[in-house]
Amino acid sequence: MSDKKLWSGRFNEPTDAFVEAFTASVEFDQRLYRYDIQGSIAHATMLARQGILSDAERDAIVSGLERIRERIEAGGFDWSVALEDVHMNVESALTDLIGDAGKKLHTGRSRNDQVATDIRLWLRDEIDLLRDGLRQVQQALLETAEREADTILPGFTHLQTAQPITFGHHMMAWFEMLERDRERLADCRRRLNVMPLGAAALAGTTYPIDRHYTAELLGFDRPAENSLDAVSDRDFAIEFSAAAALVMMHLSRMSEELIIWSSAQFGFIELSDSFCTGSSIMPQKKNPDVPELIRGKSGRVFGHLFSLLTLMKGQPLAYNKDNQEDKEPLFDTVDNLKGSLKIFAAMIPAIRCRPQAMREAAMKGFATATDLADYLVRKGIPFRDAHEIVGRAVALGVERGCDLSDLSLEELRAFSPAIDEDVFRVLTLEGSVAARDHIGGTAPKQVRAAIERARRRLADD
Ligand code: ARG
């Protein structure tokens with residue numbers, strides 16, 4: 001293949017070898033080849049329909065591009081750094097293959113609208129895959145929530161025992177976090193699905209092109225309204241990165257809880273051996289490396305969001321070479337997100353709960369103190385007084401090293417004569433969770449209803 005630069009006409013001296021390597025993007029943007037070829041095929045098809053290319057030229061271009069795609073996929077394509085990027089590598093190979101018709105492909109377009117189109121086409125597919133990945137984690141959460149709908153553990157605020165909750169309820173909280181992430185990605189996809197082609201370098205083109213037709217061929221909702229904006233802005237990439245950062249933030253929180261729960265100090269769950277590793281020095285260790293790594297990966301994804309924001313900041317219209325730097329952060333974000341979701345989908349259903357340890361922890365921390373206060377309110381005592389009464393009962397429990405339910409009726413009545421035999425029902429963990437019986441509450445019955453509704457949402461979209 002000839003390495004002759006496609007823009008060499010006005011230059012007298014060759015590019016400095018280091019500058020050539022420094023400015024080239026082909027090492028990483030070759031990943032876009034399928035979308036580059038898809039965009040070129042649509043462009044050539046439109047040009048022929050408008051009489052700008054002959055049908056024979058179009059056919060030669062289309063079949064040439066298809067052959068190039070096959071060659072790339074078979075690993076037989078020679079990527080050239082001298083040809084700078086994926087766009088010029090493909091175009092140059094096309095001309096080598098079919099001759100002069102190949103030189104006509106670039107009529108009425110520029111690499112500026114071409115690259116903006118390629119990234120949008122690529123990201124659109126990746127978003128669809130990521131939304132599938134999220135759906136799979138959500139599916140796993142639903143199954144686990146259903147299996148553990150009655151399993152009781154302490155819920156925390158400030159990481160201090162607060163009130164008993166069910167494990168199913170906790171899984172469904174994670175589900176909701178990811179549901180918003182899935183919506184955010186759908187929203188971002190809607191805004192990015194607008195076609196830059198036809199903007200050419202920045203101002204549009206003098207040929208009688210039909211942008212609506214090209215947009216239709218490529219599955220875009222419409223052509224971009226403004227040519228300057230179309231070639232220059234990468235806000236869609238930033239928006240995607242922000243949505244991706246939120247997914248990673250959520251996964252890092254989920255990871256953190258898995259790590260805490262699987263520690264010897266908590267012992268609430270056991271992670272499957274396949275998601276843990278051992279220590280080279282301490283034989284007893286089983287480390288939750290996989291959730292730790294995902295927690296760590298959130299850092300680089302947040303960093304990419306900042307790279308892209310900073311990349312775009314202060315750029316004058318229209319295209320600037322700065323934008324070539326948009327690809328690596330995007331690629332790395334997508335790769336790490338995909339991997340993390342894949343792992344979570346497998347790791348969640350493999351969680352083994354230890355209900356006994358969870359119960360003991362819930363019993364230890366006066367988790368039903370609010371239930372006792374609510375009980376007193378039902379007996380006619382104002383909530384603030386009830387709060388005070390229960391506080392004193394808790395102090396006695398702390399002194400004795402026992403739970404509220406271990407105190408005798410006489411001892412409890414010393415705090416308030418409104419307390420009767422029926423108090424012991426509200427002091428049980430089961431009674432406590434079952435009493436939170438409204439939409440959004442932790443009662444097993446409500447968790448099962450929430451799972452049903454969630455299943456329908458997941459199936460709908
Ligand atoms: N490799 C370039 C990029 O990724 C393609 C567009 C180059 N356009 C230009 N006028 N230099 O942004």
Side-chain angles (χ1 to χ4, degrees), residues 1 3-11 14-16 18-40 42-43 65 68 72 77 79-95 103 105-126 192 194-205 218 224 227-238 240-241 304 307-334:
M1 179 164 76
D3 278 353
K4 184 172 171 310
K5 298 209 177 345
L6 303 184
W7 40 254
S8 60
R10 64 103 69 208
F11 287 80
T15 321
D16 175 272
F18 183 69
V19 169
E20 184 172 279
F22 188 75
T23 53
S25 54
V26 66
E27 296 271 355
F28 46 87
D29 71 12
Q30 55 181 266
R31 179 171 169 160
L32 295 172
Y33 76 88
R34 239 178 333 124
Y35 302 95
D36 196 67
I37 289 172
Q38 185 189 2
S40 290
H43 179 65
L65 287 169
I68 290 169
I72 296 172
F77 190 87
W79 295 100
S80 152
V81 171
L83 288 168
E84 206 176 313
D85 55 26
V86 61
H87 323 294
M88 293 199 285
N89 267 269
V90 171
E91 193 192 318
S92 176
L94 180 69
T95 301
K103 294 188 191 161
L105 170 62
H106 214 51
T107 312
R109 80 170 181 190
S110 148
R111 278 184 298 149
N112 297 351
D113 58 346
Q114 191 179 354
V115 69
T117 303
D118 290 4
I119 308 171
R120 284 171 193 254
L121 287 171
W122 167 78
L123 192 52
R124 191 175 72 182
D125 272 3
E126 294 296 351
L192 78 72
V194 169
M195 188 194 69
L197 275 182
L202 77 164
T205 175
L218 292 173
S227 62
L228 299 173
D229 175 46
V231 290
S232 71
D233 210 343
R234 296 292 182 266
D235 59 348
F236 68 90
I238 298 174
F240 166 76
S241 301
H304 295 326
S307 300
L308 292 176
L309 274 171
T310 313
L311 170 70
M312 203 71 239
K313 177 185 177 295
Q315 266 197 53
L317 287 171
Y319 177 86
N320 300 284
K321 181 80 167 178
D322 312 42
N323 284 346
Q324 181 165 293
E325 289 283 305
D326 64 353
K327 289 165 202 66
E328 287 161 293
L330 273 179
F331 293 161
D332 191 69
T333 296
V334 163

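This chain uses plain numbering: 1 for the first residue, then up along the sequence. One-based numbering, in listed order, for ligands and for the atoms of each. In this text, all values refer to a predicted model and were calculated from it rather than measured experimentally.
Contact check for V86 versus W79: side-chain heavy atoms found under the 4.5 Å cut-off.
Counting heavy atoms of neighbouring residues, nucleotides and ligands inside a 6.0 Å radius, atom NZ of K321 exceeds 12 of them.
Listed by chain and residue number, nothing satisfies the salt bridge (charged side-chain N to carboxylate O under 4.0 Å, His left out) test with D118 (two or more places apart in sequence, or in another chain). For R124, there are no salt bridge (charged side-chain N to carboxylate O under 4.0 Å, His left out) partners two or more places apart in sequence or in a different chain. For N323, the side-chain hydrogen bond (donor to acceptor under 3.5 Å, both in side chains) partners at least two apart in sequence or on another chain are Q315.
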For ligand 1, what N or O to protein N or O distances fall under 3.5 Å?
residue: ligand 1; atom: 1 (N); partner: S25; partner atom: OG; Å: 3.2
residue: ligand 1; atom: 1 (N); partner: D85; partner atom: OD2; Å: 3.1
residue: ligand 1; atom: 1 (N); partner: Q324; partner atom: OE1; Å: 2.9
residue: ligand 1; atom: 4 (O); partner: K327; partner atom: NZ; Å: 2.5
residue: ligand 1; atom: 8 (N); partner: N112; partner atom: OD1; Å: 2.9
residue: ligand 1; atom: 10 (N); partner: N112; partner atom: OD1; Å: 3.1
residue: ligand 1; atom: 12 (O); partner: Y319; partner atom: OH; Å: 2.4

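Distance alone, capped at 3.5 Å, places no donor-acceptor pair between the N320 side chain and the D322 backbone.
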